[in-house]
Structure formats: C-alpha cells, structure tokens
Amino acid sequence: MQKRAIIFSMKKKIDLLLCALSFCASAYALTMYFLYLGPLNFSYFTSLSNLLIVVVALWRLLLAAFQKDKEFGVSYYAVKFVAVLAILITFLVYLLILAPTNANGFFGAYKNYHFASLCAHVVSPLLILIHFFAFDPKTIEKKLLAPCSLAYPLAYTIPAFGLGLLGVRWDHDLCVPYNFFNYKAACGWFGFEPGHMDFTTIGVGVFYVIVALLLVFALFGRLLWGLKRRVGKSD
C-alpha cells in the first residue's frame, strides 16, 4: 500500500509539473508576441491556440489546488480536447510548412522573438500532448467529437473575417490575418488562380481553403480521439 501511495504521489507531481510547464511556455510566448506584435497578436492562429493551453493548464492546476478529490467535468474534457487539437495543428503546420520556408532558416524560425516561437510551436505542444495521453483519465464522448473537432476553426475564422469587415488591417494591408483567407484577391471565394501566388493570396478560393481546414481538423480530431481511446487512460 505504501509503495502504491508513493507511485500515485509521483504521478500526481508529474501531472501538475507538465501542466505548470506548458502554462509557462505558452504564457511566455504570448507575452513576447504581444510585446513585439501588439494586440493583433491575438488574431493569429498560433497565439489563440496557445491561449487555450494557458486556460486548460491553469484550469487543471486550480482544480488540483481547490477541488482535489472532485472529478473533472464534461466541460473540462471538451475544452482540453479543443486545445490539444488546435496546438497539435499549430505544431505540425509550423514544423512542416512555415519553419522550412522561414527567412531565418528552419532552426532560426524557432529562435524568433527570443525563442517564443520555440515555446509556442514545440515546447508547449509536446508537453500538453504528453499530459493529454498520460494523465487525463478520459476524454470526450463520441457524440462530442465532431463539435469539438470543428469548434476551433469555426471560432477562429468567423471573428477573423469580422475584424476585417470592421476595418482592421494586417501586414500588406490585408483584410484578414493570412493570405489564404484573402477573399479580396483575384480568386475571391470560389476561383482558382494558381499562377498568382504571392504574399496576398495562395491562388485558391477562400471557400475551398475553409473546407480544407475543416476537413483537416475533423481528420486529426478523429485520429487524436482514437489514439486517446487506445493508448491513453481512457474509460
């Protein structure tokens, strides 16, 4: 019994340590991004996915501090799943697309803003993924899989377009945060202009980009949920 108690205590400490470290990594990244980019920092995918990690990590730590024996509710697991999926996509997109094409080179890309990029795109994602699989006792029910998988891309794109309609402008006077959302480009919502790829457009209609984004989140949401059910501590 004493040995089991020691093991349980160690697991609990590692559980909370991972949450604390992921909180610190994301909080540091958000602070540096804000100092360098200002309030518009919070209109970018990376910043918002890291903000979600700050929320769920702090949530977990507060529950441990004030409600030690209470079961986590459905809302915690739903928000945690949304956050983990969003940060996983952030990690993969930066690793496979943005870092290799960064002007500072692959490794230089992770040094941006005093290593805030490394914290936002590698450290926090890996820590929270380990915590999700190793220490969350369960995850969302299957009926919540589709809503939780699509929540973040929908919650991100709608306000992003809304800010543009209100007159907010980003780099190169774009009416949206990213060139692939630029509905004012030649390809608009439904066109194809692959020969006109530049900093204002990727040459694909915004409607198709949104559909592709939703499909990616749905696919990775299913994979993440399936892996958790198989290898995680799920019920």
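- Residues in residues 154-170 take part in these side-chain hydrogen bond (donor to acceptor under 3.5 Å, both in side chains) pairs, two or more places apart or across chains: Ser43-Trp170.
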#### Entry: Worked verdict on Phe180 versus Leu213 for side chain to side chain contact (heavy atoms under 4.5 Å, CB included)
CA-CA 11 Å; Phe180 49 78; Leu213 185 66; over 6 Å; no
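- Below 30°, between 30° and 60°, or above 60°: for Tyr178 and Phe181 the angle between ring planes is above 60°, a perpendicular geometry.
- Although no hydrogens or angles enter the test, the distance criterion places no donor-acceptor pair under 3.5 Å between the side chain of Asn112 and the main chain of Ser117.
- Between the side chain of Tyr33 and the backbone N or O of Tyr113, no donor-acceptor pair lies under 3.5 Å.
- Shortest non-hydrogen contact noted between Phe34 and Asn41 is N-ND2, 3.8 Å.
- A donor-acceptor contact shorter than 3.5 Å is absent between the side chain of Tyr152 and the backbone of Ile87.
- The aromatic rings of Phe207 and Phe190 lie tilted to each other, with the angle between the two planes from 30° to 60°.
- If you look at Tyr76 and Trp59, their ring centroids are closer than 6.0 Å.
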### Worked verdict on Leu144 versus Val74 for side chain to side chain contact (heavy atoms under 4.5 Å, CB included)
CA-CA 10 Å; Leu144 294 176; Val74 175; 3.8 Å; yes
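- Ser22 places no side-chain N or O within donor-acceptor distance of the main-chain N or O of Leu127, the cut-off being under 3.5 Å.
- A donor-acceptor pair under 3.5 Å is formed between the side chain of Ser49 and the backbone N or O of Thr46.
- Under the ring pair (Phe, Tyr, Trp, His ring centres under 6.0 Å) rule, His121 has a single partner from Phe45, Phe115, Tyr94, which is Tyr94.
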### Message
Could you go through Lys228 and Asp136, starting from their C-alpha distance and side-chain angles, then the distance that decides it, and tell me whether this counts as side chain to side chain contact (heavy atoms under 4.5 Å, CB included)?
### Response
CA-CA 9 Å; Lys228 174 61 179 173; Asp136 275 354; 3.8 Å; yes
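- Although no hydrogens or angles enter the test, the distance criterion places no donor-acceptor pair under 3.5 Å between the side chain of Lys80 and the main chain of Val56.
- One finds the SG atom of Cys175 at 4.0 Å from the OH atom of Tyr183 (value rounded to the nearest 0.5 Å).
- No continuous path of hydrophobic side-chain contacts links Leu214 to Ile158 [ILVMFWY only; heavy atoms under 4.5 Å].
- No donor-acceptor contact under 3.5 angstrom links the side chains of Tyr28 and His114, judged on distance only.
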